[in-house]
Amino acid sequence: MTSGPRLVVVGDPAGRRVAFFQDALRLAGLPEARAVSWPDVLGGRARFAGGETVRLDSPGEDPEADRLLRGVDDPARVEGTGRWYGRFTAAVADLARSVAEAGAVLVDDPAELAVLFDKRLSHGRLRAAGVPVPESPTSGPEAPAVRGWADVRALTAGAGMRRVFVKLAHGSSASGVLALETNGAGRVQATTSVERGADGRLFNSLRVRRYTSECEVAAIVDALAPDGLHVERWLPKATQDGRAADLRVVVIDGRATHAVLRTSRSPMTNLHLGGARGDLDAARAAIAAAGGRWADALAVCERAAAAFPGTRCVGVDLLPASGWRRFAVGEVNAFGDLLPGLTGLPGSGAEGLDTYAAQVAAQFPHPHETGARGTSTVRTSAARASTTPTSAARASTTPTSATRASTTPTSATPTSATRASTAPTSATPTSATRASTAPTSATEPSTTGTSTP
């Protein structure tokens, strides 16, 4: 018997993600991974050895990594995501070369990370694969660049889109997202967490507000545009208890293993902006009542993940249409597994395992055998369809509201000093409500959309 794989995790050694991964290794009886920081990677100090298996995790919880990648000293600033993308993808490419030259193995495909962290490229790949996605005039590598507000106006008018989301191409956690509406008379309204300072600088805020002046909206879009923008249709979504609803579904080795429902009264379902976990069992019942199948919803997520075959785990943001019968994919997130306390779906093969433990179990089904890839023990949605448990069985494996309350993930949990009302408002918030939301490919479950016109 061998001593087990020699593992390395690149991330924030003091962060939650690395801690959860180390916990999962211990649970599986595997040796602790050697932790390498993103600042060491960015500074050229990271070294690897033959026989090591290297996992990449998000740099989003490391303030120094964010400063090096975005080039801004205030983590609450919105600007810099274009620079972040260029430096991050270059660092990953260099890391991949170093890993290969050392005789080590990188778990995921670095070329796919470059696509996953560009909403335009990712949307185009999903569309080409036949995955249902919102209509977009900026989808794919051949799409026109959005240079500012004038381009947004022209693209949306040309496509007949009065309600769209304008997103930073390389953003996450709703940073820089605008839910944009234009009425028949041409008047504009934008809902966003972006705070525009008196000097024109943009900040992430914990307060969602509305801008009703086209001049203000144009100024924000023009300031965001140099970092790259993606535009897509704002789809009417299903609701639960009067709140817009969507799902984060984790797919591991092609199988949907974990799911959480998110609800919100604002267009953004981010938990740090007032979103909350919803009732997944009630959502499954609503799908069944509408004549649909839960397995079909999961199959859409598995098809989305299949567009990135070199990435073992992704978080898929699934948008249920009004009536719960149809589904579209909002985004696919490379680091979409930060869902503390959430255990696997019944029938998935990941029951009782959180997202990190499920990844370890899939990659190392025989813990003391070395190698970068193993045979997954979780099942596809098609296999689950014939063994879907009853609602009573689901109830025994679904976290209670008390459990959910204690494990709700956030990318930057606000302290009492930074907590603020999340009801949309036109009032300009103070700096106390600003929040750091460095790009992390959705470090907590979040998508954008609403069900009301």
Side-chain angles (χ1 to χ4, degrees), residues 7-11 17 36 38 40-42 44 46 48 52-60 65 68-70 81-131 133 136 138-143 145 167-172 227-228 230 250-254 301-317 329-337 359 362-363 371-374 376 439-443:
L7 304 175
V8 179
V9 56
V10 178
R17 292 174 174 273
V36 174
W38 277 107
D40 280 348
V41 171
L42 294 165
F48 304 95
E52 290 184 322
T53 296
V54 182
R55 168 190 169 93
L56 302 186
D57 217 325
S58 171
L68 293 171
L69 288 166
R70 287 201 298 146
T81 56
R83 187 181 300 114
W84 185 99
Y85 176 78
R87 292 177 177 177
F88 177 72
T89 53
V92 170
D94 289 343
L95 181 150
R97 284 191 290 270
S98 297
V99 168
E101 290 170 358
V105 177
L106 192 61
V107 172
D108 292 325
D109 183 351
E112 288 188 356
L113 275 180
V115 178
L116 286 162
F117 275 98
D118 188 320
K119 298 186 196 315
R120 302 161 300 190
L121 298 181
S122 180
H123 188 285
R125 180 174 291 197
L126 293 170
R127 180 170 51 84
V131 176
V133 289
S136 170
T138 58
S139 177
E142 305 303 322
K167 303 179 179 182
L168 284 168
H170 315 298
S172 67
D227 281 317
H230 175 61
V250 176
V251 181
I252 299 172
D253 282 358
C301 299
E302 291 172 351
R303 286 168 54 198
F308 303 93
T311 304
R312 297 196 66 146
C313 176
V314 295
V316 179
D317 291 336
V329 171
E331 296 179 14
V332 178
N333 304 280
F335 302 135
D337 53 1
Q359 289 175 72
Q363 187 170 0
R373 287 186 175 265
S376 176
T440 61
S441 193
T443 56

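In this structure, R83 contributes its side chain and R70 its backbone to a donor-acceptor pair below 3.5 Å. Between the side chain of D57 and the backbone N or O of F335 there is no donor-acceptor pair closer than 3.5 Å. Between the side chain of H170 and the backbone N or O of F117 there is at least one donor-acceptor pair closer than 3.5 Å. Remark: the backbone N or O of G130 is paired with a side-chain donor or acceptor of R303 at under 3.5 angstrom. Formation of a donor-acceptor pair under 3.5 Å by the E52 side chain with backbone atoms of V8 is not found in this model. Checking side-chain atoms of N333 against main-chain N and O of G315 turns up a donor-acceptor pair under 3.5 Å. Y85 contributes a side-chain N or O that, together with a main-chain N or O of A114, makes up a donor-acceptor pair within less than 3.5 Å. No donor-acceptor pair under 3.5 Å is formed between the side chain of S122 and the backbone N or O of D118.
The shortest heavy-atom contact between R87 and L69 is CD-O, 3.3 Å. When all heavy atoms are compared, the tightest approach of C313 to V250 is SG-CG1, 3.7 Å. Of all non-hydrogen atoms in R120 and G228, the two that sit nearest each other are NH1-CA, 3.9 Å. A pairwise comparison of heavy atoms in A96 and P110 identifies CB-CG, 3.8 Å as the closest pair. Summarising the geometry of V36 relative to A46, their closest heavy-atom pair is CG1-CB, 3.8 Å, with the distance given to 0.1 Å. The minimum heavy-atom distance linking V251 with C301 is given by the pair CG2-O, 3.9 Å.
R125 has its side chain out of reach of V332: every pair of non-hydrogen atoms, C-beta onward, lies at least 4.5 Å apart. L121 has its side chain within reach of P141: a pair of non-hydrogen atoms, C-beta onward, lies under 4.5 Å apart. Contact annotation: the side chain of V9 never approaches that of L7 to less than 4.5 Å [non-hydrogen atoms, C-beta and beyond]. Put simply, the side chain of W38 does not reach to within 4.5 Å of the side chain of L68, judged on heavy atoms.
Side chains of H123 and S139: a donor on one and an acceptor on the other come within 3.5 Å. Looking at R55 and Q359, their side chains do bring a donor and an acceptor atom within 3.5 Å of each other.
From F308, atom CZ reaches atom CG of L116 across 4.5 Å, with rounding to the nearest 0.5 Å. Between atom CG of residue L168 and atom OG1 of residue T81 there is a gap of 4.0 Å, rounded to the nearest 0.5 Å. To the nearest 0.5 angstrom, H230 atom NE2 is 4.5 Å from T138 atom OG1. Taken from OG in S136 to CZ in R127, the straight-line distance is 8.0 Å, to the nearest 0.5 Å. We find the CG-OG1 distance between L113 and T89 to be 9.5 Å, quoted to the nearest 0.5 Å. Rounded to the nearest 0.5 angstrom, L56 CG and D108 CG are separated by 7.0 Å.
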Start with the C-alpha gap between D337 and R17, add the side-chain angles, then the distance that decides, and say whether side chain to side chain contact (heavy atoms under 4.5 Å, CB included) holds.
-> CA-CA 9 Å; D337 53 1; R17 292 174 174 273; 3.0 Å; yes
